[in-house]
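Below, chains carry the letters A, B, ... as their sequence lines are ordered, and counting in each starts from 1.
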2 protein chains.
Amino acid sequence: MESILEDLEQAEGLAALQSASEEIRDHYGVDHVVYHWVDSAGDQYGCGTYSDVWRDRYLEQNYLRVDPVILGCFQRFHPVDWKRLDWSSKPARTFQAEAIAHGVGNQGFSVPIRGPNGQFALFTVSHSCDDDMWATWTDAHRRDLILIAHTFNEKALEFEPDRAPEQSQALSPREVDAMTFLAMGYSRAQVADTLSISEHTLRVYIESARFKLGAMNTTHAVARAMSRGLIVV
Amino acid sequence: MESILEDLEQAEGLAALQSASEEIRDHYGVDHVVYHWVDSAGDQYGCGTYSDVWRDRYLEQNYLRVDPVILGCFQRFHPVDWKRLDWSSKPARTFQAEAIAHGVGNQGFSVPIRGPNGQFALFTVSHSCDDDMWATWTDAHRRDLILIAHTFNEKALEFEPDRAPEQSQALSPREVDAMTFLAMGYSRAQVADTLSISEHTLRVYIESARFKLGAMNTTHAVARAMSRGLIVV
DNA sequence: TGCCGCCTCACTATTTCTGGGGAGTAGAAA
DNA sequence: TTTCTACTCCCCAGAAATAGTGAGGCGGCA
């Protein structure tokens, strides 16, 4: 366990994550170990020990929108055993049958992980065995898996070039106030009233913030302020 | 460590979390252990070992919008040492001085945690000691803290099911498109053009999304969609 | 002292958004 | 089959936001 985390922490590049997942698989003696990054924009990225055929099929069929593991974990915080997910819909059952046929295994355990800006990922371990055996195994390694999932995601975020933290100009306190109340749904009149200033003044702040944030309108400015963590709503 | 996690997992009710944080504090011999939940509506909830005076002061002054620990962790995935945060702004320095005066401690380590629907929380340990001592301590217990933070949040979500889900109704694909482009700064006309639909139709989506999100206007709807992780910009 | 950023207030004209209403199609679920 | 949701289109009047311009006072910094 210790050595796995250390190898993971020292991993450099996506190829290293690939071999890390193989190492984890061998260490725990399970069939598959997979890390799957999804963002709500629909982009995905993954690495792990599933066969290329299955991975390509998954992408090609856009199973992201069907896979009960994704759908179920997206609404949860807890790591979850696949048995507790909802496999009842027809597309889900089709998907399940196909997954098993591709060697995914009849048992699975997935840890949902979330990062800033709505980033979402899954760390999954799957295996073929009976229910009792799987329950014993997951019970014994649940904590390990949480830590591994966390470290895995830490690395994936690190390698994601997307995270270029655009050095943004700080907003003045009044500008922060303005953006915050706007994000809370107040109209300009209400914000001005709340801050006890004239609406004209408020407008100056909004325009100033919009300029600093390089935004085209108020909604854009609020969105940028939020995604840069300049306001907390 | 094991016993702490087990006690935490068996905790029932918020009072038990309160005493769990005291147990963690005593076990690790630090000054404070705090769990702090921040809601997409701006509501907060916390439990831990800070003094009542400091907690009330924090709420009363709305330090949520100033606290560099909140602002910094909100943009990160990694657990972070307080020294690495940005304390340079004047309000931040005022806040820092006051926090230390209230016995918070000059060192701190915070683990950001995220759940479904944009839920965000912090698990923080703080202490008074020199830098080397703190570095040694955090290095030794980093993994423990991640697991404890995870379990703590699991419990908090369990006890407060009403906090996150404002019936977090999912948006339809077109609604997601609309919210996404609006968050990117497009005007309604531009979004309609981009999606190749009439502006009238677009407006239906926006209103529908606004209704589903319980938002008062477009800006509010976009802000909520973002903080609930329904769109990524 | 002069410069700069921040906070405050004002006017006008134009564009955009909001909140009512109504209506038809397709496909999935019950 | 019926019912429901998602998607598409349309009108209008009033409210709100935007783009320009302007001003003066306060505090920090060099």
Give a yes or no on whether the ring-centroid distance for A:Phe120 and A:His36 is below 6.0 angstrom.
-> no

Please report, rounded to the nearest Å, how far the P atom of D:dC7 is from the NE2 atom of B:His200.
-> 18 Å

Counting heavy atoms from C-beta on, name the nucleotide in C:dC7, D:dC7, C:dG20 closest to the side chain of B:Pro173.
-> D:dC7

Take the protein atom CG of A:Leu202 and the nucleotide atom C1' of D:dT18, then report the distance between them rounded to whole Å.
-> 13 Å

Mapping B:Ser172 and A:Met216 to their closest nucleotides on DNA chain D, which lands nearer the 5' end?
-> B:Ser172

Give me the ring orientation class for A:Tyr50 and A:Trp54: parallel if the planes are under 30° apart, tilted from 30 to 60°, perpendicular past 60°.
-> perpendicular

Step-by-step salt bridge (Lys or Arg N to Asp or Glu O under 4.0 Å) determination, A:Asp52 to A:Arg55 = CA-CA 5 Å; A:Asp52 292 351; A:Arg55 192 199 57 212; 3.7 Å; yes

Mind checking what makes side-chain contact (heavy atoms from CB on, under 4.5 Å) contact with B:Arg188, not counting sequence neighbours?
-> B:Glu199, B:Leu202, B:Arg203, B:Ile206

5'-most contact on DNA chain D (nearest-nucleotide basis), B:Glu199 vs A:Asn217, goes to B:Glu199

Which part of the nucleic acid, if any, lies within reach of A:Ser198 when heavy atoms closer than 4.0 Å are counted: base, sugar-phosphate only, or nothing?
-> sugar-phosphate

Could you tell me, to 10°, how much the axis swings from one end of the helix from C:dT1-D:dA30 to C:dA30-D:dT1 to the other, five pairs per end?
-> 60°

B:Arg188 near the nucleic acid: base, sugar-phosphate alone, or nothing, with a heavy-atom cut-off under 4.0 Å?
-> base

Does the side chain of B:Asp131 pick up a donor-acceptor pair with the side chain of B:Gln107 at under 3.5 Å?
-> yes

Answer yes if the side chains of A:His32 and A:Thr49 hold a donor-acceptor pair under 3.5 Å, and no otherwise.
-> yes

Reckon B:Ser208 touches a base, only the sugar-phosphate, or nothing at all at heavy-atom distances under 4.0 Å?
-> nothing

Quick one: label B:Glu207 by what it contacts on the DNA or RNA (base, sugar-phosphate, nothing), any heavy atom closer than 4.0 Å.
-> base

Among C:dC9, D:dT18, D:dC9, the nucleotide that comes nearest once only the side chain of B:Thr201 is considered = D:dC9

A:Arg203 (side chain) and D:dG20 (base): donor-acceptor pair under 3.5 Å = yes

